[in-house]
A.B. asks: 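Shown below is the structure under consideration.
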Amino acid sequence: MDTLKEVKAIVRTDSVPSLIRVLESRGVTRFFISHIHVLGAGVDPERFRLSLDEGKAYSEKAKIEFVCKAEAVDVILDDIRVAAGTRHRGDGIIAVSNLDRIMNVHTGDEGYLALL
């Protein structure tokens, strides 16, 4: 069975379309995209808003989550940095986790087949 990794990338919202194109070209088949607010060190100092609820500055970002083969992670991380990076504070972060098991609810397929 293939070794799989879970990747979560927090990026600027305007980089999402180019990032999706790059990921698709690398064989990533499923994406989970959420609109999020980033507080703390990830706030873009030039493009922030003030939250009246939290009383703090925040930046709007997108969280893109996907699963890929472990051997593709390094190339994909480089691709994300190129597609989403502006070389300014607030570009985002990428987290990579080990994935013990994944199963397709409909088919029961496991591993990489679950993603197809």
Side-chain angles (χ1 to χ4, degrees):
M1 188 178 295
D2 293 315
T3 302
L4 300 174
K5 298 287 186 175
E6 179 183 25
V7 179
K8 295 178 184 179
I10 310 298
V11 298
R12 297 176 187 271
T13 56
D14 55 356
S15 68
V16 171
S18 63
L19 186 52
I20 295 299
R21 282 191 298 276
V22 166
L23 293 172
E24 287 176 332
S25 75
R26 292 289 182 194
V28 176
T29 59
R30 292 183 186 225
F31 309 91
F32 308 96
I33 302 175
S34 306
H35 182 258
I36 63 171
H37 289 175
V38 174
L39 303 166
V43 173
D44 182 340
E46 295 180 18
R47 295 168 49 187
F48 69 90
R49 295 182 179 180
L50 184 62
S51 169
L52 298 177
D53 293 329
E54 289 97 11
K56 295 184 177 198
Y58 72 91
S59 291
E60 293 188 7
K61 301 286 173 120
K63 177 168 68 169
I64 301 174
E65 301 174 77
F66 59 92
V67 174
C68 65
K69 293 183 178 181
E71 62 266 16
V73 167
D74 290 337
V75 171
I76 288 174
L77 293 185
D78 287 341
D79 288 345
I80 292 171
R81 288 192 66 223
V82 170
T86 65
R87 298 187 180 191
H88 293 95
R89 183 175 176 89
D91 279 348
I93 61 169
I94 307 165
V96 179
S97 303
N98 292 325
L99 190 62
D100 293 330
R101 190 172 180 187
I102 187 167
M103 178 187 283
N104 184 302
V105 174
H106 172 67
T107 64
D109 289 336
E110 293 195 45
Y112 189 72
L113 287 176
L115 302 172
L116 303 177

A.B. asks: Could you state the interatomic distance from CD1 (I76) to CG (L19), rounded to the nearest 0.5 Å?
C.D. replies: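 One finds 10.0 Å between CD1 of I76 and CG of L19.
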
A.B. asks: Quick one: do L4 and K69 satisfy side-chain contact (heavy atoms from CB on, under 4.5 Å)? Show the steps, please.
C.D. replies: CA-CA 5 Å; L4 300 174; K69 293 183 178 181; 4.2 Å; yes

A.B. asks: Are the side chains of N104 and L113 in contact, using a 4.5 Å heavy-atom criterion?
C.D. replies: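 Contact flag for L113/N104 side chains = no.
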
A.B. asks: Measure the CZ-OG1 distance between R47 and T13 for me, rounded to the nearest 0.5 Å.
C.D. replies: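 With rounding to 0.5 Å, CZ (R47) is 6.5 Å from OG1 (T13).
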
A.B. asks: When hydrophobic residues are tied together by side-chain contacts of less than 4.5 Å, even through go-betweens, does V16 share a cluster with L23?
C.D. replies: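 Yes, V16 and L23 fall within the same hydrophobic cluster.
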
A.B. asks: Would V75 and V96 show up in the same hydrophobic cluster when neighbours are defined by side-chain heavy atoms closer than 4.5 Å?
C.D. replies: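 Result: no, two separate clusters.
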
A.B. asks: Report yes or no: do F31 and I102 belong to one cluster of Ile/Leu/Val/Met/Phe/Trp/Tyr joined by side chain heavy-atom distances under 4.5 Å?
C.D. replies: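 No.
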
A.B. asks: Kindly check if the number of other-residue, nucleotide or ligand heavy atoms within 6.0 Å of NE2 (H35) is above 12?
C.D. replies: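 Correct, the count exceeds 12.
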
A.B. asks: Nearest 0.5 Å, what's the CG-NZ distance between N98 and K5?
C.D. replies: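 Here the rounded value is 3.5 Å.
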
A.B. asks: Give a yes or no answer on whether the side chain of D91 reaches the backbone of G85 with a donor-acceptor pair at less than 3.5 Å.
C.D. replies: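 Checking the backbone N and O of G85 against the side chain of D91, no donor-acceptor pair under 3.5 Å is found.
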
A.B. asks: Scan residues 21-31 for pairs that pass salt bridge (Lys or Arg N to Asp or Glu O under 4.0 Å), counting only residues two or more places apart or in two chains.
C.D. replies: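 Every pair satisfying salt bridge (Lys or Arg N to Asp or Glu O under 4.0 Å) with a residue in residues 21-31: R26-D79.
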
A.B. asks: Taking the hydrophobic residues Ile, Leu, Val, Met, Phe, Trp and Tyr, and joining any pair whose side-chain heavy atoms are under 4.5 Å apart, which ones share a cluster with V38?
C.D. replies: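 Cluster partners of V38: I10, I36, I93.
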
A.B. asks: I need the full list of ring pair (Phe, Tyr, Trp, His ring centres under 6.0 Å) pairs touching residues 42-83, with sequence neighbours left out, sorted by first then second residue.
C.D. replies: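 Ring pair (Phe, Tyr, Trp, His ring centres under 6.0 Å) check on residues 42-83 returns H37-Y58.
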
A.B. asks: Kindly work out whether a path of hydrophobic side-chain contacts (I/L/V/M/F/W/Y, heavy atoms less than 4.5 Å apart) joins L99 to L116.
C.D. replies: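 As far as the 4.5 Å side-chain criterion goes, L116 and L99 are connected within one cluster.
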
A.B. asks: Please report the interatomic distance CD(E65) to CD(E6), rounded to the nearest 0.5 Å.
C.D. replies: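 Rounded to the nearest 0.5 Å, the CD-CD separation comes out at 6.0 Å.
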
A.B. asks: Checking side-chain contact (heavy atoms from CB on, under 4.5 Å) for the pair V7/I94: CA distance, chi angles, key distance, verdict?
C.D. replies: CA-CA 7 Å; V7 179; I94 307 165; 3.7 Å; yes

A.B. asks: What's the separation between atom CG in D109 and atom CE in M103, rounded to the nearest 0.5 Å?
C.D. replies: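 Those atoms lie 9.0 Å apart.
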
A.B. asks: Within a strict 4.5 Å, meaning less than it, do heavy atoms of the V28 and I20 side chains meet?
C.D. replies: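 They are not in side-chain contact.
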
A.B. asks: To the nearest 0.5 Å, tell me how far K8 NZ sits from K63 NZ.
C.D. replies: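 So the gap between those two atoms works out to 5.5 Å.
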
